[in-house]
Each structure stands twice: as structure tokens, then as C-alpha cells.
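Have a look at the structure below before the remarks.
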Amino acid sequence: MSMIITAIVVLLGLALIFGAVLGFAAVRFKVDGDPIVDQINNLLPQTQCGQCGHPGCRPYAEGIANGEPINKCPPGGESTIQALADLLDVEALPLDAEHGEEKPRMVAYIREAECIGCTKCIQACPVDAILGAAKQMHTVIVDECTGCDLCVEPCPVDCIDMLPLPTTPQNWKWDFPLPSSALIATDANRGAA
Amino acid sequence: MTAASPIRIWDIPGGIHPQENKLQSLGHGIETPPLPRELIVPLQQHIGARAEPCVAVGDKVLKGQLIAEASGFVSCPLHAPTSGTVTAIGPAPYPHASGLEEWAIRIEADGEDRWCELDPISDFRALEPAALLDIIRASGISGLGGAGFPTAVKLKARPEQKIHTLIVNGTECEPYITADDSAMRYRAEQIVSGIEVLMHILRPEQVLIGIEDNKPEAIEAMRAAVGERPMQVVVFPTKYPSGGEKQLIQILTGKEVPSGGLPADLGMVCQNVGTLLAIHDAVVLGQPLIKRITTLTGDALSHPTNVEALIGTPIRELLTFAGLQPEKLYRLVMGGPMMGFTLQSMDAPIVKTTNCLLAGSKAELPPPPPAQPCIRCGLCAEACPASLLPQQLHFFALGKDYDQLKRQNLFDCIECGACSYVCPSSIPLVQYYRAAKSEIRALDLQQHKADHSRQRFEHRQERLQREAEQKERDRIARAEKAARLKAAKEAEAAKQADSDAAVPAADAPAPKAGGLTPEQKQLKIAAATAQMALKKAQKQLTANPDNADLQAQIPQLEQAAREAQEAFDKAQGEVSNQPAAPAPQAAGEDDAKKLKIEAAMLRAALKKAERAAGDNPSDQQQAEIAKLREQAEAAEARVPATAAAKKPVDETLKQAKLDLAMARAATRKTERALAESPDDADLQAQLATQQQALSAAEKALHEAENSSPIPPPERQRVDKKPVDEQLRELKTNLATTKADFKRAERELKDATEAGGDTAAAERELATRRAALDVAAKAFADYMASKETN
């Protein structure tokens with residue numbers, strides 16, 4: 001009988017000690033985990049274009065954290081969906097065509113001769129990438145433009161074009177070699193079969 | 001001596017031994033091609049920021065003149081390769097794997113090839129290292145070995161790290177290329193001079209010149225040039241890619257540059273022999289970097305050679321000089337066959353990094369055979385000089401798993417091509433790595449840009465919120481202010497309506513609004529409002545006679561209206577009395593003025609009439625003049641009277657003032673004299689009389705002021721010495737005794753003149769004198785005690 005009591009007392013003592021150690025460790029080594037919304041927001045392309053139906057990338061990140069589908073971001077495209085799927089451990093879905101399609105990176109361009117200086121595009125730009133003042137010609141700072149095309153619609157004289165970002169020797173990329181399967185005649189239809 | 005103490009050399013992992021093909025281009029020394037007609041100087045010939053043009057189209061430039069400035073710390077200036085005219089600044093053909101154009105300055109040569117003024121340094125040892133670095137930077141020198149990193153930046157990459165080893169790279173391991181070999185053969189002295197400049201800048205403990213053993217002539221030339229200098233020419237077996245910076249360091253020192261690090265982290269700096277030649281030219285000759293030694297080789301050239309070509313020379317002209325056979329040309333490569341890239345156009349110029357142009361025939365540079373699947377043979381891993389796992393990198397690159405590629409140290413790959421060279425399946429491995437690297441760089445850039453955009457977006461949101469809040473605050477503040485004003489007005493109105501009374505407004509004749517003060521106006525408005533409210537209520541009551549509320553309101557309103565009206569009437573009465581007082585005075589002055597003006601006008605009219613009448617006035621004119629004269633005289637007669645009355649010069653007042661001032665001055669004088677000799681009875685008596693006179697004068701002045709029509713000036717009485725009671729008593733006492741003494745004196749005198757008994761008078765005088773003495777002493781004592789206080 002005394003053995004049993006001893007065993008219980010010892011186990012209780014151990015439980016108390018370990019509990020205290022764990023409790024201390026939980027307080028002392030508390031890790032402020034990067035909140036999931038911030039992690040999702042970091043993966044989004046930050047164009048702030050609103051094509052997902054949210055007023056900016058962070059609201060969409062909050063939406064995703066609350067269970068919204070991850071395939072509503074056309075500027076991010078396939079790679080963003082993949083990254084989100086990896087982060088949230090969900091299945092990668094194809095891009096929802098309802099919200100637009102993936103396009104190459106664009107920049108806004110103001111045809112300056114036609115600009116009347118109404119400042120409407122300046123107010124629309126989510127990243128302050130348009131420079132100008134009332135009755136003065138406006139222009140786009142290419143390096144700051146995210147290509148969200150939010151400035152196109154408010155322009156009363158339709159002088160804003162969305163142009164693809166020009167390729168220069170500085171941003172040119174080497175191509176991956178052609179897949180070898182296409183080089184062998186008998187392999188040509190293997191993917192389809 | 002250096003040859004006598006050979007230092008130990010190490011080996012690098014991997015490496016290959018491709019066919020060298022160096023002999024073809026070594027037969028003619030270093031040749032100078034003809035001056036091209038037009039040169040194209042691209043603005044980006046180095047790693048870093050694009051240079052900023054500082055000339056305009058149409059400018060005449062001289063050889064060596066600065067044409068583009070460095071636009072950042074990691075950047076390089078550009079100089080005109082020959083004298084001529086700037087014909088264009090804009091996109092131009094550019095030697096790049098993409099075949100894209102790049103901004104460039106086009107210069108049409110004038111054929112004179114005239115130098116601008118140069119500034120050679122005869123003794124560079126007299127200069128500070130920083131000054132020499134500035135010369136190197138200003139001369140536009142970037143690494144001529146192939147990467148093109150700005151040399152001045154590289155020399156100071158780790159300013160805090162002491163450089164103990166300077167390594168000179170004369171390896172030139174890549175097949176076909178012989179530019180460095182030629183430089184060492186024919187320009188050894190200049191290269192050694194360049195090394196000495198760097199030694200002066202860096203002060204290294206040892207200088208190692210690494211040369212592969214397949215260049216015996218270059219080794220001999222360099223050894224001869226080095227002589228007894230503290231440099232060591234180190235010869236090691238030929239193996240590709242020994243010439244890579246990190247590989248050469250490993251061969252010469254046995255140390256590995258850490259992943260992602262720089263040689264400077266180990267206290268070493270590695271420079272290509274071509275760069276040292278350029279440093280010599282820049283410092284000793286004062287010539288900026290405008291030319292370089294380039295190998296022209298390949299089976300498509302009938303005259304393969306090395307040339308010292310001006311930077312910006314179109315490739316086509318150089319190849320023509322080397323005897324290009326276009327029908328043989330299959331592929332044109334800039335750089336070597338292992339690490340170079342295919343050029344898509346011969347219009348592009350050579351740049352600072354162009355060490356070789358390889359015009360290969362189809363047999364020489366055959367199209368790569370189709371790639372076969374990887375058989376996991378592992379030859380690539382054996383060949384890799386950086387000890388990477390090319391197979392793994394290949395598979396991750398195929399799957400575009402960029403995180404894994406980074407983890408496998410893809411960025412330590414020097415793209416030497418040894419893995420592709422040994423691959424039995426002919427997989428273009430390097431192309432995968434290059435593509436993956438540029439993709440990762442682009443993604444990093446995109447991520448960086450996304451972060452930047454997010455920051456801007458957040459800042460904008462913050463700003464908008466701040467503005468909205470400010471607007472809201474302003475609005476609230478305005479609303480509060482308006483409410484306060486309204487409340488104050490209502491409170492005032494209510495107060496007046498309450499405290500003052502009102503007889504029905506109709507009873508009081510309303511005075512003109514023009515003559516009302518603001519207070520009166522307010523009162524009037526209050527009265528009118530009260531009246532209005534009353535009338536309204538009465539009207540409503542006639543409409544709904546049963547409304548009890550209204551019935552109750554009416555008497556209240558009646559009361560309020562009555563009070564308001566009363567208050568107004570009262571204020572009206574007060575005000576109408578007030579301004580009445582000053583009016584007559586003002587009227588008097590105004591009248592005088594008016595009269596004067598009238599008189600002057602009449603006089604003027606009279607003069608005019610007289611002039612108009614001339615010498616022979618008609619009767620009518622005479623009558624008129626007479627009338628005018630009469631009027632003017634009458635007017636003038638009235639004026640002086642008022643004018644005289646206007647100036648009340650009060651003689652009595654003036655006199656009183658003068659008297660007072662004089663009396664005061666005399667008293668002061670006596671007081672001062674008395675202070676010097678307090679026992680002087682005469683003075684004391686004088687003082688007493690003077691004080692009496694002074695008080696009399698003061699009194700007279702007051703009377704004069706009171707009786708004078710001129711208002712007394714507003715004076716502030718300053719009592720500098722408040723007179724205390726004791727002093728006054730003593731003074732009075734002194735004065736009375738003095739007066740008694742004087743009387744006694746006079747009596748004695750009278751008695752003496754009368755010839756009567758003077759004894760009593762004399763006794764009296766003595767007593768008086770004693771009393772006076774006592775009083776004077778008491779006064780003097782008091783004054784003395786006061787002064788000591």
C-alpha cells in the first residue's frame with residue numbers, strides 16, 4: 001500500500017516539476033509567430049489592383065486567411081497560387097477566370113500631349129506612382145508602377161495606355177533549353193498518349 | 001630569386017582539359033587595326049549602374065575626353081576612343097546574349113586621332129593611395145578579364161579588411177583566347193609597373209603572378225620584367241578552369257573563398273593582367289581606358305591574331321581586318337568557347353570586357369547534339385570545380401524548384417561549362433543554370449518590388465487616413481466654434497430679453513439705425529425679435545384659440561418684449577446724452593475752420609473778379625467786386641475773433657510754473673550747500689524761507705492750473721524721497737528757531753540803532769542762538785544717521 005502511495009506521490013511531484021518547467025518555457029521562450037495574414041500578404045504581388053474583389057492585397061490576404069479561394073489573383077498568376085498552396089497546404093487551383101487572366105507585367109503610360117491635368121489618375125494610383133498637379137501634365141514613374149491599371153478607367157480623355165514592360169539587356173532572362181522530348185520524333189506524342 | 005623559391009601550389013577539384021587551340025592567334029604579336037570610321041560606345045560596359053552621357057549630339061570630342069560620367073558608386077565613366085564628332089546618343093547594337101540594343105554614344109572619327117590633354121604621373125609613389133584610386137576610378141577601368149567589375153570598387157570592396165595578398169591573374173585557361181598571353185609577352189614591363197601601382201595602393205605582403213604552364217614565353221617575359229622586385233611568378237599545370245578568380249586563389253594559396261563571399265574576405269585581391277596594363281596606362285601615361293587587347297580567332301578568319309583595338313570598334317571591322325571569310329562563318333562567339341555567348345549581329349562594338357571574338361566554322365563549333373536523358377553517371381559532379389552537384393541542380397532547374405536550387409548553392413556556380421563538356425548525354429546543363437539564375441534574380445527583384453509597393457501602398461493609406469482625420473477634426477472644430485458663437489448670441493439675446501423690458505415697439509419712435517452703437521443695435525434686434533415672437537404667438541393663437549400652451553406663452557412673450565424695448569430705450573437715452581457734451585467744442589472749432597474757408601474763398605473770388613474786370617471794369621463788375629470785397633471783409637472780421645479765442649495762452653499758469661521751477665532749483669541748491677556745511681545758520685534760514693517759497697509756488701501753480709481753461713497735463717507724481725514725520729518735525733523746529741533767532745537779531749539791531757538798552761536784546765539773541773544750534777545739531781544728526789542707514 002505504501003508503495004502505491006509513494007509511487008503516486010513521486011509521479012505527482014514529477015508532474016508538478018515538469019509542468020512548472022513547461023509553463024516557464026512557454027512564457028520565457030514564447031515565439032511571436034508571423035501571423036498567417038502577413039505571410040499570405042508577403043506572397044501576393046502587391047499590385048493593389050483589386051481584381052480579386054478586395055480593396056488591396058492585404059484585405060485579400062485576410063480573406064484567404066478566413067477561407068477564401070486562393071485563385072483570385074491574376075497579376076500573381078500561377079506562381080502565386082502555387083506559393084499560397086504550399087504555404088496553406090491546400091490544393092493549387094487554376095486561376096479563376098472570373099477575376100481576369102494572367103498577363104505579362106505592364107506599366108501605365110500617359111500620352112502626355114493629351115493629358116489635361118485633371119489629377120484623377122493621381123488619386124486612383126494606389127502606390128503614388130503618378131506625378132503631376134492640377135492643370136499640369138502628369139507622368140508615370142515607371143519604377144514605381146505596379147501595372148494595376150486602376151488609373152486607366154478614371155481618365156476622362158483616355159490618354160493612359162497599359163504597355164508591357166520593355167525587355168532590356170538588364171532584365172533579359174536566359175531561356176530554359178527546349179525540353180528534349182520534343183527533339184525526338186517518336187517522343188512527340190508521348191505527352192498526349 | 002623568385003624562381004629560386006617556388007611556393008607550394010594546390011589543386012582544385014574537378015576541371016577538364018579541352019583542346020587549347022591557342023597557337024593560331026599567336027603568330028603576329030599585337031597588331032593595331034585601322035581606325036574605324038564610326039565607333040559605338042555603349043553606356044553599360046561594366047557591372048553596376050549605366051554611365052550618364054555628358055556630351056551632346058554634335059559635340060566635337062578629343063581622344064580620351066570624358067563622354068559619360070559614372071552614375072553611382074558601382075559605375076564606370078567612359079571616354080572617347082578617338083577624336084571626332086558625337087553623331088548620336090541612343091539605342092545601338094550591343095554585344096549581349098539577348099541581341100538587344102543598349103544605349104550608346106556614337107562617334108564619327110575625324111581621322112586625326114588627336115589626344116586631349118593628358119596628365120601623366122611621373123612618380124606615382126609620391127601620391128596618396130586614395131589619389132591613385134581616384135585616378136583608376138576616373139579612368140573608367142573595370143575588370144578586363146571578362147566580368148567587368150569596376151576596379152576601384154573591387155580594390156576597396158572591404159575597406160576594413162587588410163589586403164595581404166595581391167594575386168595577378170595571367171592564367172587565361174579558356175581555349176582559343178591569347179589576349180593575356182600576348183599582353184604578358186609584349187607588355188610585361190607595363191604590367192609590372194601596374195602591379196607596382198597596386199602594391200603602392202594596397203601594400204600587400206606578397207604578390208603572386210599566376211600563369212599556366214602552357215605559356216612559356218609569357219612566363220619568361222614576366223620573370224624578366226619582375227627581376228628583383230618582391231613578386232613571385234607562380235607556374236602551375238594547365239587545367240580548365242584554373243583562371244576563375246576563386247579557383248586561382250585556391251591553386252595559389254590553398255584557401256577557398258566562402259560561398260557568397262569575396263576574395264577580400266580572405267585578405268586577397270585578384271586582378272587580371274589586362275586590368276593591370278590599363279592601370280599602368282591610366283596612372284603612368286595618364287590615358288583613360290579606351291583600348292584593349294582582343295583575340296580574333298576561329299577557322300572563319302584567315303588571319304587570326306591579337307589586336308589592340310579601340311573600345312567601340314564595330315566587330316565587323318575587326319573581323320574584316322582579321323580576314324573574315326563569311327562563307328565559313330557558322331557561329332560568332334564573344335569570349336571563349338566554354339563561357340562565351342553567341343553574338344547575333346556583327347554590328348555590335350567591342351566593349352571593355354571583350355577579350356576574344358571567336359568566328360567559328362561549323363566543324364569547329366558544331367550545333368549541340370540533342371540532349372538525352374540524364375543517366376546519373378556522375379561525371380559532371382567530378383568535373384565541377386566548385387564541388388557542386390550538377391545533376392541535382394539540373395533536376396531542380398527542370399522542376400523550377402528555386403528554393404531547392406538556392407539550397408544547393410546554385411549561385412556558387414561559375415558557369416564554366418565543365419559539366420556540360422563532360423556530359424555523355426549532351427545535356428546543356430549551364431543553360432539550365434543560367435536560366436534558373438536569371439529567373440531567381442527576376443523573382444527576387446519582383447519580391448523586392450512587391451515589398452516596396454506594399455510599403456508605398458501602406459504609407460499612402462496612412463496618409464489618406466491622416467488627412468481624413470484632420471479634415472474630420474477641422475470640421476468638428478468649425479462646428480463647435482459655430483455652436484459656441486450661436487450659443488453666446490442666444491444667451492446674450494435671452495439675457496437682454498430677460499433683464500430689460502419692453503413697451504410695445506410701436507409706442508417708441510425708432511431712432512435711425514445709422515446713429516446706433518453696436519450695443520444699441522443688438523438691443524434693438526433683441527426687442528424686435530421679442531416683438532416678432534409675441535406677434536407670431538398672437539397670430540397662432542387667433543388661428544387655434546384653444547391652444548393652452550400658446551395662451552400661456554403670450555404673457556411671457558409680452559413681458560420679454562416689453563423688457564427688451566425698455567432696455568433699448570434706456571440705452572438710447574444714455575447714448576444721446578453722451579455725445580452731446582463734446583459736440584459744442586467740436587462745433588466751435590469747426591465753425592472757425594468753416595469761417596476761414598469761407599473767407600479764403602471769398603477773397604479768391606474777389607481776386608478773380610478783379611482780374612476778370614481788368615483795368616476798365618464795367619459797372620456791373622465794379623458792383624460785384626465791391627460786394628465781394630464787403631463779404632470777404634465781413635468774413636475775415638469774424639475769423640480772427642474765433643481764432644484768437646482758440647489759443648488760450650495762460651500767462652498766469654506759465655508764470656506759476658516758472659516760479660515753481662525756480663523756487664525748486666534754489667531750494668535744491670541750498671540743500672546741497674547745507675549738506676556740505678550743516679552748521680551754517682544763514683544757509684539754514686535761507687533754506688527755510690526757500691522751502692516756504694517753494695510750497696507757495698506749488699500752491700500758486702495748482703490754483704493757476706485749476707483756473708486755466710487748458711486741461712492739466714496728466715502727471716505721474718513720483719516721490720523720490722518720501723518725507724518722514726521726524727525729518728519734517730526737525731525741519732520745522734529748525735526753521736522756527738531760525739526765525740526766532742533772526743527776529744532776535746533784528747531786535748538787537750533796532751535796539752542798537754535806537755541807542756537804548758541792548759543787554760536784554762543780547763541775552764535774548766544768545767538764547768535764540770543756543771536754541772538754533774541745538775535744533776541744527778539735531779537736524780544734522782538725523783540726516784547723518786539717515787545717510788549711514
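So you know, we letter chains A, B, ... as the sequences are listed, proteins then strands, and number each from 1.
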Problem - Which atoms of A:Gln82 approach chain B - backbone, side chain, both or neither, heavy atom under 4.5 Å - result: neither
Handout entry: Nearest heavy atoms of B:Ala450 and A:Pro45, plus distance in Å
Key = CB-O, 3.6 Å
Fill in the blank from the handout: Closest heavy-atom pair, A:Asn42 versus B:Arg454, reported as atoms and distance to 0.1 Å, is OD1-NH1, 2.7 Å
Fill in the blank from the handout: For B:Phe457 and A:Gly56 the tightest heavy-atom approach is CZ-CA, 4.3 Å
Problem - Flag if over 12 foreign heavy atoms under 6.0 Å of CD, B:Gln470 - result: yes
Fill in the blank from the handout: Ordered numerically, the heavy-atom neighbours of chain B under 4.5 Å found in residues 58-79 of chain A are none
Exercise for the section: Find the distance between CG (A:Leu43) and CD (B:Gln447) and round it off to the nearest 0.5 Å. Expected result: 7.5 Å
Handout entry: Proximal component of B:Arg441, with respect to chain A [non-hydrogen, under 4.5 Å]
Key = neither
Practice task
Measure across B:Ala397 and A:Phe176 and return the closest heavy-atom pair with its distance rounded to 0.1 Å.
Solution key: O-CE2, 3.7 Å
Problem - Any residue meeting salt bridge (charged side-chain N to carboxylate O under 4.0 Å, His left out) with B:Glu469, in chain and number order, not counting sequence neighbours - result: none
Practice task
For each of B:Lys449, B:Lys400, B:Lys437, B:Gln446, tally heavy-atom pairs with chain A at distances under 4.5 Å, and name the one with the top tally.
Solution key: B:Lys449
Practice task
Tell me the residues of residues 163-171 of chain A whose non-hydrogen atoms fall below 4.5 Å from those of chain B, in number order.
Solution key: A:Thr167, A:Thr168, A:Pro169, A:Gln170
Handout entry: Residue A:Pro126 versus chain B: region with a heavy atom under 4.5 Å
Key = both
Exercise for the section: Check each atom of B:Tyr433 against the heavy atoms of chain A and say whether the ones under 4.5 Å are side chain, backbone, both or neither. Expected result: neither
Handout entry: Proximal component of B:Ala442, with respect to chain A [non-hydrogen, under 4.5 Å]
Key = side chain
Completion exercise
Among residues 133-161 of chain A, those lying within the under-4.5 Å heavy-atom range of chain B are A:Val142, A:Asp143, A:Glu144, A:Cys145, A:Thr146
Practice task
Could you tell me whether A:Asp128 and B:Arg456 make a salt bridge, using a distance below 4.0 angstrom between a side-chain N and a carboxylate O?
Solution key: no
Handout entry: Choice from B:His96, B:Arg50, B:Arg434, B:Glu101 maximising heavy atom contacts with chain A below 4.5 Å
Key = B:Arg434
